[in-house]
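Worth saying up front: this structure is predicted, and the values here are computed from it rather than measured. Heavy-atom basis, side chains included; hydrogens, waters and symmetry copies ignored. Naming convention: chains lettered A, B, ... in sequence-line order (proteins, then strands); numbering from 1 in each chain.
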Amino acid sequence: MTGQGALADATGVGDPAPLTAVVRPARLANGEGRSISLRDAFGEALLQLAQADPDIVVVDADLSNAVGLTSFPAALPDQYLQVGIAEQNAVGVAAGLATWGYRPVVTSFAAFLTSRSLDQVRVVVAQTGLPVVLVGGHAGLLAGRLGKTHVSMEDLAIMRALPGMTILAPADGVEMRGAIAAALAANRPVYLRSGRDPVPAFFAADHEVVLGAADLLREGDVACLLSTGSITPLAHAAVQLLAEAGHEVAHLHFGTVKPLSGAVVRDVARGRRLVITCEDHSRVGGFGSAVAEILSEEALVPVLRIGTDDVWVDSARNDALLALHRLTPADIAERIAERLTR
Amino acid sequence: MTGQGALADATGVGDPAPLTAVVRPARLANGEGRSISLRDAFGEALLQLAQADPDIVVVDADLSNAVGLTSFPAALPDQYLQVGIAEQNAVGVAAGLATWGYRPVVTSFAAFLTSRSLDQVRVVVAQTGLPVVLVGGHAGLLAGRLGKTHVSMEDLAIMRALPGMTILAPADGVEMRGAIAAALAANRPVYLRSGRDPVPAFFAADHEVVLGAADLLREGDVACLLSTGSITPLAHAAVQLLAEAGHEVAHLHFGTVKPLSGAVVRDVARGRRLVITCEDHSRVGGFGSAVAEILSEEALVPVLRIGTDDVWVDSARNDALLALHRLTPADIAERIAERLTR
Amino acid sequence: MTTHASGVVDAAPPHGTEPMPRVTVAELDRLIATARTCRANVIRLVHHAGAGHVGGPLSAIDVLTALYFDVMRLDPQRPLWPDRDRFILSKGHSSPALYAVLAARGLLEDATLLTFDELGSPLQAHPDMRKSPAIDMSTGSLGQGFSAGLGIALGAQRRGSPARVYVLLGDGECQEGQVWETAMLAERLRVANLTAIIDWNGQQQVGWDAESDEPGRQETMLEPVAKWRAFGWQVHTIDGHDMAALVSALRACRTATAPTVILARTMKGKGVSFMEGDNAWHSRVMSDAECALALAELGA
Amino acid sequence: MTTHASGVVDAAPPHGTEPMPRVTVAELDRLIATARTCRANVIRLVHHAGAGHVGGPLSAIDVLTALYFDVMRLDPQRPLWPDRDRFILSKGHSSPALYAVLAARGLLEDATLLTFDELGSPLQAHPDMRKSPAIDMSTGSLGQGFSAGLGIALGAQRRGSPARVYVLLGDGECQEGQVWETAMLAERLRVANLTAIIDWNGQQQVGWDAESDEPGRQETMLEPVAKWRAFGWQVHTIDGHDMAALVSALRACRTATAPTVILARTMKGKGVSFMEGDNAWHSRVMSDAECALALAELGA
Ligand SMILES: Cc1ncc(C[n+]2csc(CCOP(=O)(O)OP(=O)(O)O)c2C)c(N)n1
Ligand SMILES: Cc1ncc(C[n+]2csc(CCOP(=O)(O)OP(=O)(O)O)c2C)c(N)n1
Ligand SMILES: [Mg+2]
Ligand SMILES: [Mg+2]
């Protein structure tokens, strides 16, 4: 009667299977495919998934339209629960629904989901293991016109601190489609990082999302750049600039921030002069720190963590913010070149 | 009329002075001094400080007695504000009081302060810079008999993610006395980590708390152990065991977790075979990660991060928990020796 | 009859929603005796562990007994029966009371009681649903169990299950804003299969006792009846140690057409004279002598 | 006369707590004209930025005008005068309204208006107290400004200052539990120098409009009068676009003996015909033509 085995029942509190840790050669869009925002890709994909699976229920804290679910409420009113501007209750209600085998998807902004309702995510989601998918919209600098209360540069660091959370940060609309499907299939607590503005398709339409897998975007001997989330296309452009300047830098994209395979990270680091991490997130505690934690264990290779400095981000246009925080492709390339030629 | 200069007024929203980054030889208690819990030391010290400074106001979310303020409400009723079991409002009210030059001290458990009220800490404290001191009780394993909802192994990771937070984690009662005084004098947002159970005096009575300073507890050529918080005495015992086994490991205590001086950390690492970090906190995102972030930049020296694994902590007796998570002095010594003799 | 996600059709008889008959004197006597046994077990397990809360569990025992031994539909042989009624101890620090009652009801093995709060025990300091199928929701951080309970009640409705959800909250706990977020949503959705019970013992951890002499201002809750009514809830105020009152109020909830809250007037430490109303016993560790005295008073 | 922490004694005349005289027609006309100018500036700055909220700012302009031009004690020459009344825009996304009114009142330079939401501007998307002394509290995360306002009101009392605190909340914002934590503590402490105003425009970001046809169930707030009364607040319901009503209700707060809430019935997008009541304008970007049309309607 004790132990977790007894709970691997309809309540869905079973122990999740371990994630796959693989590196796959990526197929890129190369100019094909649609330009779409992460949020709109999320909205389209979730609507389709929910049409096929009546157990998918959106629990919305009054931001569904802002995170891409514009037509969802009218299209599937029975699978949409508006709880009002009450993020704490949203997460608790979602946990309760999950005990019945429903697959709740909680929608709000990253900044609020990972702070206003952090205690609820901690206790009734991460600690229970209930399969609630938390979708945090407007994460990162590229929602900059809302300013520091709304722009979350800390969400990855905060979610990473919770045992049992799976964290996904897709690069583009193609990957977002796969990520929400994978998140719902994973039967565990997932935090899915979403964004606001349209981005050109980066991955080819048949890009497959496998939790825990990394995508090899480019080979290169000198160094290896590891990126996550929607900065991956910018980082990819940076790597191309570096190649033009004679620096052959390999590039991997990690759509899964947690769990992160130490074996994979060590593997790509070994034999190279530098590992660079790149994320649309603070340099403190996020993806770069996860990589630094792993690589510092053997002091294998130096790690250059690219992200925003440890400051609050003011409101401004995306391009102004990217320039200010030195996250344009040219800036990223320059920071890496500086370090390589030091 | 713009800019922050205009605000360096009675509202106390000025920019704080940078912290001192120094390493000082520590003076230890060596069996002298009282055994006292961090919470009781906090309670005694705060009462004295508040008697001398009527602007110090406790804002309590119904846990004052549990965090050491047993006699405070009756002794200084005018400087004690009970807000009830409402952590969010507690932090907001404290921020409001701070605009008048009051020095609010918010009391709750670490687990709740850094999650239930995280959005409030983020927006009206860290983002405003208002000098609110947040005292998180029952942090770490040694409050283990309350279980995973109450035992915060994530507080340092979460607070570290917020720009502008100063984070203090004293080792013993002596240091706690200095830490609360320093926190109140610092005129900035401070998170002060506190604990429940009595610990023998570690530092000599004249130990001085200087924000940002590290305390050299022992010299040693082979490796260097950096610890924070109330595990420092256990780490110190471990280092002695290691010396007996022929491993000369230097030991520094960091009563300030953030900001952490890169220069100091690099300095103590250089020329040694290994840096070990030790904390009563998860290995993810906390003090060890801060050190790993710094040292991975140049891959200077390997870093062994000792803390709890990335799992939720069940309720049990302190000794059982320390053994389970391999955090007794013998365990710590063994983990280090294993690594050194590999 | 309920069809579940799995496609399994539940053969168990559906819960009646017709009013239940009046409770008999014999039934009441049995419930009162059970509550007394459970009180003794609370004392035993907390004393054995040398940790845990006491006052709050004792004030909650009668409510729990009425729920688990009279009102709730459940089957100890099938703790995860989908149509079972759910109970959530939102005031999770009263876990010793929950454990004592679950054991008495056959949902936990008696032997586990004395493992409370020890390494490896399913009986965590605060209830943990991953440790035992008898626990419907993990709690301990105040205010959260109520939200989860609302979610479970909504889930039951969506699944077409007659399961009802009972949530026990502390009076101090009602200071948490999350409680009112939950109350508001339940009001809006008229979630009638959700019953909240407030363990109105008039005390919390610290409170305002020391701070205010003004009558009424030390209360844990100000005007709770008006507040819950304004939030669209049906409100019953009863003596939370009067088993007959408890049983009839809780039975009546089964036919409610709106979310219902029962304000159960209780006393912290109820049943042990030297603990009654003395908030020092919120979570104090007992001496052996105090334990013996308490057990003697409880006739155990 | 107030003695401050710094020991400085404030020479400015204390605020009167005697009731203020009835507002004159001429005064009203001036306030109405000011509100209209401010509406035009909201349109201008949001259009210029190509970002920001519109509907909520327009519904809040009249309240803000009444406060800053009639009710609040302040001195544009000394924005940090300790005894000034404080205003907190808890619904921080209506920052364009605040900026327009602060500029009109001489607390911000007009030139800064068109820097709204641009790099380096003091006019952040959401109000930031670190960017301008005219902003009394940073907001943007709903529900928080009210708590801070309560803290400021308590601080005023402790310092012996006659400063009053006015907090503007959204009706949707009142779904946040933190709002009720604040309301509860203000009730308990009877914080009479705190006034909450609810911008009751009946809409939020998404809400229940699409979900429920049942009358009343799409409302942002259910039974707000009963709720606030039950929480011990004095409640006034007024037309939030009727300047005379606003001024007299707000003036009356100065002699309140309990915390007071003004439920100000408003309309999102008020003043621009094609925006009125159309929640698509919550935060939509205007075309040049729409901007011109709006400005024309506002006679600007
Ligand atoms: C969110 C949160 N804050 C604080 C606590 C600490 N705490 C445990 S019990 C308690 C008092 C609870 O009072 P009440 O709800 O009246 O329960 P009682 O003990 O009187 O039954 C507090 C503050 C907690 N468990 N959760
Ligand atoms: C804590 C939090 N959750 C969500 C949001 C996003 N948000 C901004 S405006 C808004 C709707 C607010 O409605 P209301 O308070 O009625 O203001 P109105 O726009 O109608 O004036 C929401 C949900 C926020 N700013 N803060
Ligand atoms: Mg109580
Ligand atoms: Mg509104």
Side-chain angles (χ1 to χ4, degrees), chain B residues 1-15 53-57 59-62 78-104 106 116-130 132 163-164, chain D residues 4-6 8 76 79-80 82 86 88 90 92 107-109 112 115 120-123 126 128-159 161 163 165 176-186 188-189:
Chain B
M1 204 147 69
T2 71
Q4 308 181 347
L7 288 163
D9 74 323
T11 64
V13 195
D15 268 330
D53 180 355
D55 281 350
I56 294 173
V57 182
V59 179
D60 178 37
D62 202 33
D78 290 344
Q79 286 167 256
Y80 177 76
L81 181 62
Q82 175 61 265
V83 305
I85 311 174
E87 295 79 6
Q88 304 188 95
N89 191 39
V91 173
V93 165
L97 286 168
T99 66
W100 283 97
Y102 288 105
R103 313 310 311 269
V106 184
R116 192 57 152 270
S117 47
L118 181 62
D119 198 25
Q120 290 73 23
V121 172
R122 185 175 74 91
V123 172
V124 295
V125 178
Q127 293 184 353
T128 62
L130 286 165
V132 173
Chain D
H4 297 286
S6 53
V8 174
L80 292 173
R86 307 297 199 276
I88 299 174
S90 199
L107 278 154
L108 275 182
E109 283 160 44
T112 62
T115 67
S121 170
L123 308 192
H126 296 87
D128 185 339
M129 69 184 285
R130 299 211 52 167
K131 302 289 186 184
S132 161
I135 297 170
D136 288 320
M137 183 51 59
S138 298
T139 53
S141 175
L142 294 168
Q144 294 201 34
F146 194 24
S147 282
L150 172 55
I152 296 176
L154 289 169
Q157 292 182 3
R158 298 178 82 91
R159 286 276 182 251
S161 166
V165 180
E176 284 288 358
Q178 189 179 358
V179 168
W180 302 98
E181 293 182 0
T182 308
M184 250 184 284
L185 187 65
R188 188 177 291 275
L189 304 175

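Interface remark: Val91(B) contributes no atoms to any contact with chain D (heavy atom separation under 4.5 Å). Heavy-atom distances place the side chain of Leu189(D), and not its backbone, under 4.5 Å from chain B. Contact annotation for Gln88(B): both backbone and side-chain heavy atoms come within less than 4.5 Å of a heavy atom of chain D.
Between the side chains of Ser138(D) and Thr128(B), not a single donor N or O lies within less than 3.5 Å of an accepting N or O. A donor and an acceptor atom, one from each side chain of Gln178(D) and Ser147(D), are located under 3.5 Å apart. For the 3.5 Å distance criterion, the side chains of Gln144(D) and Glu176(D) fail to qualify, holding no donor opposite an acceptor.
Chain B forms the most heavy-atom pairs under 4.5 Å with one residue out of Ser121(D), Ser141(D), Gly140(D), and that residue is Ser141(D).
For the residue pair Arg159(D) and Trp100(B), the shortest heavy atom distance occurs at NH2-O, 2.9 Å.
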